[in-house]
Amino acid sequence: MIDIKELKTRYSEIKKNIADRYMNVDLDKIIQDQDRRAELLLEVENLRARRNENASKMKGKMDPETRARLIAEGKALKEELAGKEAEFSAVDALFQAEARTIPNYAHPKAPVGKEDKDSLAVKFHGEIPHFSFKPKDHVQLGESLDVLDFDSGAKVAGQKFYYIKNQLVILQMALERYAMDIVLKHGFTPFITPDIAKEEILQGIGFNPRGEESNIYTIEGTGTCLVGTAEITLGGYYQNTILDKSQLPIRMTGLSHCFRREAGGAGQYSKGLYRVHQFSKLEMFIYCLPEESDKFHEEILSIEEEIFSGLGLAYRVVDTATGDLGAPAYRKFDIEAWMPGRGEAGEYGEVTSTSNCTDYQARSLNIRYRDDDGKIRFVHMLNGTAVALSRAIVAIMENYQNEDGTIRVPQALVPYTGFDLITKK
RNA sequence: GGAGAGAUGUCCGAGUGGUCGAAGGAGGCAGACUCGAAAUCUGUUGUAGUACAUUCGUAUUACCGAGGGUUCGAAUCCCUCUCUCUCCGCCA
C-alpha cells in the first residue's frame, strides 16, 4: 500500500494516478474515513490514559473506601473504553481495507492509457521469421508430435490442464536450466520456493485471494492459497524484517509452479499453452535501496532480454500503460516474443514481465532497512520473469517448426537437451 | 497423527497480577584512560502511532509469538491458534 500520511499531502497526484489507471477508487471517501478514524483513535487513547492513571493509583495500600471508589471509576472507564474501541476498530478495518485499494504511484515516464494498445513498444529485437509454408500453432504441432496432450489434461484435471510428454519434457527442463544459468551468472541466489502461501502474504504482495474475479486458488479452511508466481513467496521471504543496509541489494531467483484460475480466460488469444491453470516459472526478485530501484529494473529487463535473445527469438519490449499496470507496480516492462501461430499471421505474445513495485509491497509486508542515519526505511521490491516455461515453449515451438512438423531445438539449448530436433517418437 | 517442553528487546537470558518497556549479561554507539589498540571504567542504546512544539523536544498510546478472554489493573491467570524443540508413530 501507499503511505497513508500522503493521502492529503499528495492528494491531487493520487487522484490523477487513480484516473490514469482507470481505477474506481473513491479517495474522498477514504480520507473521510481516515479523519473519522483519527478522531476515534484520539478518544480511545485518552480513555486508555485515564484507565492507566486510575489503575496506577491503586498500587499501594489504601483505605477500603478509596479503593472501592477507584474500582467503581475503573469499571466505568472500562465500559466506556470497550464501546469506543469497538467503534474504532470497525472504522479502522474499513479504512485499512479502503487504503489498500489505492494503487502505487506511477513512473512519470510510464505511458498513460487505458489498455494494452496504449502501451509503448520501446524496443524491437530480431527478425520475424518467414516461412515458405503456412506455420502451424503450437497446439497442432504439439499434438501431432505427441509431446502435448490437452485432452488427457482435461479429463484428469479439467479444462486448461495439460500433459507435456516425450522430448518436450526434456526441452522444458533444458529451458529451466538454461535460464537458471544465465540468472546465476548475474549474482542471484537460487531458490525452489513453496507453491503455497498464506493469504496475508498474497495480500501484501498485492494479490486479492478472494472474490469472483480473483485469479487465485484458495485452499479451503487453511488460510492458504496456491501461488500464482514465486514473486509471492520470494516477496514474503523477508516479511517483518529490518535488513542491514549492507545486505542490499538482495537478488533472489525462485523456481515454482504457478497456479491461476483464469476464470473466463478462454478464446483464441488464450489458446493451448498460452494461458493455462498451471505452469512452471523461474522468477527474479530484488530488494534494494529506494534510489536504486530504477537501475535494478533495467538490470532485470536486460537479463530477460539476454535469455530471450539467446534463444534466437524475435521480440519487442513494451513499456506498460498505466491502465494495465496492476496496483502494486510503479512501472512495468513486458517482453513480447513473436509467435507465428498466434492470430491470423502471427503476433507478439507476452513472455516476461518485470515490475518495479517501489515501497508499495514493502510497506504492507513491513520490510525495511536501517539507513546510514540510523533511520529505518522501506526497501524497494522488484520482480521479473526469467522464464515462464509454458509461454517460452509456445514461442520456441512455433518459431522453430519445420514444414514436416518437426521442431528444431534452439542452439543455446542443445547442450542441455542432448538432441537438436523434436520428432514424433 | 500422539505425548511433552518452549516462544521475552540486536543476541543470550530473568521476571511473585500493580513499583515492568521490562533485571542481568553480551553486542552496538559515545566518552575517559592510551602514542594507538586490547583490557578496564562511565554513560547511552527497541519499534510504530497520536497531540502540542516543529530547533535538542514534551506528553501520551500500543507492542514480551498471534488472536480472544478474566481483572480497576496482564509479560505474568484462562482459552484458541501459529511456530520451534524432544520422544513415539508413519513415511519419499
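Hydrogens, waters and symmetry mates play no part in the numbers below; they use all other heavy atoms, side chains included. Quick note on labels: first sequence line is chain A, next is B, and so on, each numbered from 1.
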Colleague: In this structure, how many angstroms lie between the C1' atom of B:rC72 and the CD atom of A:Glu65, rounded?
Modeller: 17 Å

Colleague: In whole angstrom, give me the gap between the P atoms of B:rA14 and B:rG6.
Modeller: 11 Å

Colleague: Quick one: does any side-chain atom of A:Ser89 pair with a main-chain N or O of A:Glu85 as donor and acceptor, under 3.5 Å?
Modeller: yes

Colleague: Contact list please: residues 45-55 of chain A against RNA chain B, heavy atoms, distance less than 4.0 Å, in numerical order.
Modeller: A:Glu45, A:Arg48, A:Ala49, A:Arg51, A:Asn52, A:Asn54, A:Ala55

Colleague: Once you apply a heavy-atom cut-off of 4.0 Å, does A:Ile376 come out as touching a base, just sugar-phosphate, or nothing?
Modeller: sugar-phosphate

Colleague: For the P atoms, the ones on B:rA23 and on B:rG18, what distance do you get once it is rounded to whole angstrom?
Modeller: 16 Å

Colleague: Any donor-acceptor pair under 3.5 Å linking the side chain of A:Lys281 with the backbone of A:Cys258?
Modeller: no

Colleague: Over how many whole Å does the gap from A:Phe95 atom CZ to B:rU50 atom P extend?
Modeller: 11 Å

Colleague: Roughly how far apart, to the nearest Å, are B:rA37 and B:rA30 at atom P?
Modeller: 12 Å

Colleague: Any chance CE of A:Met180 has more than 12 other-residue heavy atoms, nucleotides or ligands included, within less than 6.0 Å?
Modeller: yes

Colleague: When rounded to the nearest Å, what value does the distance between C1' atoms of B:rG27 and B:rG9 take?
Modeller: 13 Å

Colleague: Give the rounded distance in Å between these two atoms: CG of A:Asp244 and C1' of B:rC11.
Modeller: 15 Å

Colleague: Identify each donor-acceptor pair in which a side-chain atom of residues 12-19 of chain A lies under 3.5 Å from a protein atom, sequence neighbours left out, and give them as a table.
Modeller:
unit_1  : atom_1 : unit_2   : atom_2 : d
A:Glu13 : OE1    : A:Arg10  : NE     : 3.0
A:Glu13 : OE2    : A:Arg10  : NH2    : 2.8
A:Lys15 : NZ     : A:Tyr11  : OH     : 3.2
A:Lys15 : NZ     : A:Asp28  : OD2    : 2.6
A:Lys16 : NZ     : A:Asp20  : OD2    : 2.8
A:Asn17 : OD1    : A:Arg21  : NE     : 3.2
A:Asn17 : ND2    : A:Asn104 : O      : 2.7

Colleague: Taking the P atom of each, how far is B:rC12 from B:rG2, in whole Å?
Modeller: 30 Å

Colleague: Return the residues of residues 70-94 of chain A meeting this criterion: a heavy atom under 4.0 Å from some atom of RNA chain B. Order them by number, or give none.
Modeller: A:Ile71, A:Gly74, A:Lys75, A:Lys78

Colleague: Check the phosphate of B:rG49 against A:Lys5, side-chain N and O only, distance under 4.0 Å to OP1 or OP2. Yes or no?
Modeller: yes

Colleague: Using whole Å, report how far NZ of A:Lys198 lies from P of B:rC83.
Modeller: 6 Å

Colleague: So A:Gln401 and A:His138, side-chain hydrogen bond (donor to acceptor under 3.5 Å, both in side chains) or not? Walk me through it.
Modeller: CA-CA 9 Å; A:Gln401 62 180 296; A:His138 70 281; over 6 Å; no

Colleague: Tell me every residue that passes ring pair (Phe, Tyr, Trp, His ring centres under 6.0 Å) with A:His257, counting only those two or more places apart in sequence or in another chain.
Modeller: none

Colleague: Using whole Å, report how far CD1 of A:Ile242 lies from P of B:rU47.
Modeller: 7 Å

Colleague: Please state how far atom CD in A:Glu200 lies from atom P in B:rU82, giving the value in whole angstrom units.
Modeller: 13 Å

Colleague: Taking the six-membered ring of A:Tyr274 (Phe, Tyr or Trp), confirm whether the NZ or CZ of A:Arg391 is under 6.0 Å from its centre and within 45° of its axis.
Modeller: yes

Colleague: Let me know, please, whether A:Met58 or A:Arg37 comes out on the 5' side of the other along RNA chain B by nearest nucleotide.
Modeller: A:Arg37

Colleague: Determine the Euclidean distance between corresponding P atoms of B:rC85 and B:rU8; express it in Å to zero decimal places.
Modeller: 14 Å

Colleague: Check RNA chain B for consecutive Watson-Crick or G-U pairs with both distances under 3.5 Å and list the runs of at least three as stems.
Modeller: B:1-7 with B:82-88, B:10-12 with B:24-26, B:27-32 with B:40-45, B:46-52 with B:57-63, B:65-69 with B:77-81

Colleague: With rounding to the closest Å, how many angstrom separate the C1' atoms on B:rA22 and B:rC79?
Modeller: 25 Å

Colleague: Between A:Asn215 and A:Arg261 (side chain of the first, backbone of the second, donor and acceptor by atom type, cut-off under 3.5 Å), is there such a pair?
Modeller: yes

Colleague: If we ignore hydrogens and angles and just use 3.5 Å, is the side chain of A:Glu283 paired with the main-chain N or O of A:Glu231 as donor and acceptor?
Modeller: no

Colleague: Which heavy-atom pair separates A:Tyr22 from A:Gly323 by the least distance, and what is that distance?
Modeller: CD1-CA, 4.3 Å

Colleague: Does A:Tyr330 offer a backbone N or O that forms a donor-acceptor pair with the side chain of A:Thr358 under 3.5 Å?
Modeller: no

Colleague: Could you give the CD-to-P distance, from A:Glu43 to B:rU61, as a whole number of Å?
Modeller: 16 Å

Colleague: Quick one: side chains of residues 285-294 of chain A, donor-acceptor pairs under 3.5 Å with protein atoms, not counting sequence neighbours, listed by atom name and distance.
Modeller:
unit_1   : atom_1 : unit_2   : atom_2 : d
A:Tyr287 : OH     : A:Leu234 : O      : 2.5
A:Tyr287 : OH     : A:Gly235 : O      : 3.3
A:Ser293 : OG     : A:Pro290 : O      : 3.4
A:Ser293 : OG     : A:Asn356 : ND2    : 3.1
A:Ser293 : OG     : A:His380 : ND1    : 2.9

Colleague: Look at all strands and tell whether A:Arg368 reaches a base, only sugar-phosphate, or nothing, counting heavy atoms closer than 4.0 Å.
Modeller: sugar-phosphate

Colleague: Return the orientation label for the A:Tyr237 and A:Phe191 ring planes: parallel under 30°, perpendicular over 60°, tilted otherwise.
Modeller: perpendicular

Colleague: With C1' as the reference atom in both, quote the distance from B:rG65 to B:rA75 in angstrom, rounded to an integer.
Modeller: 12 Å

Colleague: Roughly, in whole Å, what's the span from CZ in A:Arg69 to C1' in B:rC72?
Modeller: 12 Å

